[in-house]
Amino acid sequence: MSVTISVLDWYDKSKRDLPFRNTVNPYCVWLSEVMLQQTQVETVIPYYNKWLEKYPSIRSVALAKQSELLKYWEGLGYYARCRNFHKSAKIIVKYNHGIIPDNWDEFRSLPGVGDYTDAAVLSIAFKQPFPAIDGNIRRVMARILGRRKFSKRNMDIIRSTLYKWIHTEKPGDFNQAMMDLGACVCFPTNPDCMNCPVNRYCKAFASGNPMNYPLKKQHKKIPHHTNVAGIIWCGNQFFIQKRDPSGMLGGLWEFPGGKVESGESLVEALKREIEEECGIGTNIIKQVGSINHAYSHFSITLHLFHCKTNGQVLKPERKHQWITPSEIKQYAFPKANHKLFTILNNNDWCI
DNA sequence: AATCCGTGGCT
DNA sequence: TAGCCAAGGAT
């Protein structure tokens, strides 16, 4: 017996029925790997199914507009993944006849493809023996090998060990088995060592305190901001603007607004932001409601206001639209806006 | 090397 | 509950 055999044996018995588990189609594997980055399986499944129904091939992605793709990514987060997948699809169709490359360097050079995704796609879709190293496998290996830190030296040891252990006939299964082990048994806290197929090989288990592996690094605590946003009405239409494609929540739509500076009232901040962003003067009518939202590196309390204007736009720095409430379904918005929509729907969008 | 980039679920 | 963590990549 060995770690390889034990893990694969366990995998065959405990195999989870996931939509992207039963395919070796490179496009499907790639799509699932991108969606699964820093995102849990249960969250991905509905997005994966809907995307595949709408975009069944790499060509269909290449032909699509970014705004359409973002609509299908809406709410999934880390939107650069979607933009990069689109870029890659266009590159492959334009320069490689729509054929997804099956060698390390070519695939690795595509936007949004890093070491993990490269190894995952090449091993699962093309049966090549590259070990994929994600957060789960790092933790599993740190425990098996008894390494507390992810230093460069320890990562080299983890990687070379995985190259030694990976099953050359079933590299994709080995990678997925190791990831499942991390997700379903070797939890970050309270690992289920008694049901672990490789506990007899595990130094962390032998130590009696598996949670000591790996060492947790302390995170910076994230700041909290107070933000304001305005629904600027002109007749039965209101104003939305498109965010810069390269930045945070890039290419998504939002109500104008921004951060409240210290010493500023909510109304003062909103008037300033609307003037800066849209160049329109507004009358602020009333506050509609507030929501809390946490991003990865800061959190906000966002206050929403009904406003009125004559509709004149003097210096739009971003792409913008005047739309009616029913048209909002055509546009991709970040999650915080959906919380605002909930408030608005409860109020029937009344001014 | 450290930080930025979303969101949801869990404790 | 406030923080931690998840099938990472780009800068």
Side-chain angles (χ1 to χ4, degrees), chain A residues 11 16 18-21 28-48 70 73-85 87-88 107-125 130-141 149-152 155 172-184 186-191 211 214-224 243-252 254 291-300 302 332-339:
Chain A
Y11 181 64
R16 292 191 287 175
L18 307 175
F20 32 82
R21 266 290 153 70
C28 298
V29 172
W30 183 11
L31 174 66
S32 71
E33 291 302 337
V34 173
M35 284 188 166
L36 286 162
Q37 286 168 17
Q38 299 289 276
T39 312
Q40 300 199 337
V41 168
E42 300 306 320
T43 308
V44 166
I45 289 174
Y47 282 90
Y48 174 80
L70 281 173
W73 205 274
E74 186 182 57
L76 194 53
Y78 285 152
Y79 299 95
R81 295 181 293 176
C82 180
R83 303 193 301 265
N84 283 332
F85 192 62
K87 281 186 206 164
S88 290
F107 191 63
R108 179 67 175 78
S109 71
L110 293 164
V113 177
D115 287 347
Y116 167 78
T117 305
D118 202 356
V121 172
L122 289 191
S123 65
I124 297 170
F130 293 104
I133 305 178
D134 74 324
N136 283 317
I137 295 185
R138 271 178 19 149
R139 181 179 62 260
V140 170
M141 292 303 286
K149 296 181 180 175
F150 294 120
S151 59
K152 187 181 184 313
M155 285 309 295
D173 281 357
F174 175 77
N175 283 333
Q176 292 180 83
M178 291 290 284
M179 286 188 272
D180 269 15
L181 193 59
C184 304
C186 193
F187 305 117
T189 58
N190 304 323
M211 296 241 320
L215 223 52
K216 316 220 181 207
K217 61 168 191 183
Q218 38 202 337
H219 283 189
K220 248 178 37 176
K221 74 194 248 185
I222 63 171
H224 184 85
R243 296 179 59 89
D244 185 302
S246 60
M248 182 177 171
L249 307 172
L252 300 180
E254 65 177 7
I291 57 108
N292 290 309
H293 189 71
Y295 296 97
S296 47
H297 53 298
F298 66 93
S299 61
I300 59 168
L302 177 55
F333 291 89
K335 209 70 182 183
N337 284 70
H338 285 275
K339 297 184 180 177

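Chain A is the first sequence line, chain B the second, and so forth, proteins listed ahead of strands; every chain is numbered from 1. Nothing here was measured: the structure is a model prediction, and the numbers come from that model.
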What contact category does [X] fall into here, base, sugar-phosphate, or nothing, at under 4.0 angstrom with non-hydrogen atoms?
X	result
Tyr48(A)	nothing
Leu249(A)	sugar-phosphate
Gly75(A)	sugar-phosphate
Arg139(A)	sugar-phosphate

Practice task
Please list, chain by chain and in numerical order, all residues satisfying side chain to side chain contact (heavy atoms under 4.5 Å, CB included) with Phe187(A), sequence neighbours excluded.
Solution key: Asp192(A)
Practice task
Mind running a 4.0 Å heavy-atom check of residues 107-123 of chain A against DNA chain B and sending the residues that fall below it, in number order?
Solution key: none
Handout entry: Carboxylate-amine/guanidinium contact Arg21(A) Asp173(A), below 4.0 Å
Key = no
Using whole Å, report how far [atom1] of [X] lies from [atom2] of [N].
X	N	atom1	atom2	answer
Gln37(A)	dG8(B)	CD	C1'	17 Å
Lys149(A)	dA1(B)	NZ	P	15 Å
Leu36(A)	dG6(B)	CG	C1'	15 Å
Met248(A)	dT7(B)	CE	C1'	11 Å

Problem - Segment of DNA chain C, first to last nucleotide, that comes within the 4.0 Å heavy-atom reach of chain A - result: dC4(C) to dA10(C)
Problem - Donor/acceptor link under 3.5 angstrom from Thr39(A) side chain onto base of dG8(B) - result: no
Exercise for the section: Return the orientation label for the Phe298(A) and Tyr295(A) ring planes: parallel under 30°, perpendicular over 60°, tilted otherwise. Expected result: tilted
Handout entry: Lys335(A), nearest nucleotide to its side chain (from dT7(B), dG6(B), dC4(B))
Key = dT7(B)
Problem - P-based separation of dC5(B) from dA2(C) [nearest Å] - result: 23 Å
Practice task
Indicate whether any N or O donor in one side chain lies under 3.5 Å from an N or O acceptor in the other, for Tyr116(A) and Glu33(A).
Solution key: yes
Exercise for the section: May I ask you to check whether Lys335(A) and His293(A) show a side-chain donor-acceptor distance below 3.5 Å? Expected result: no
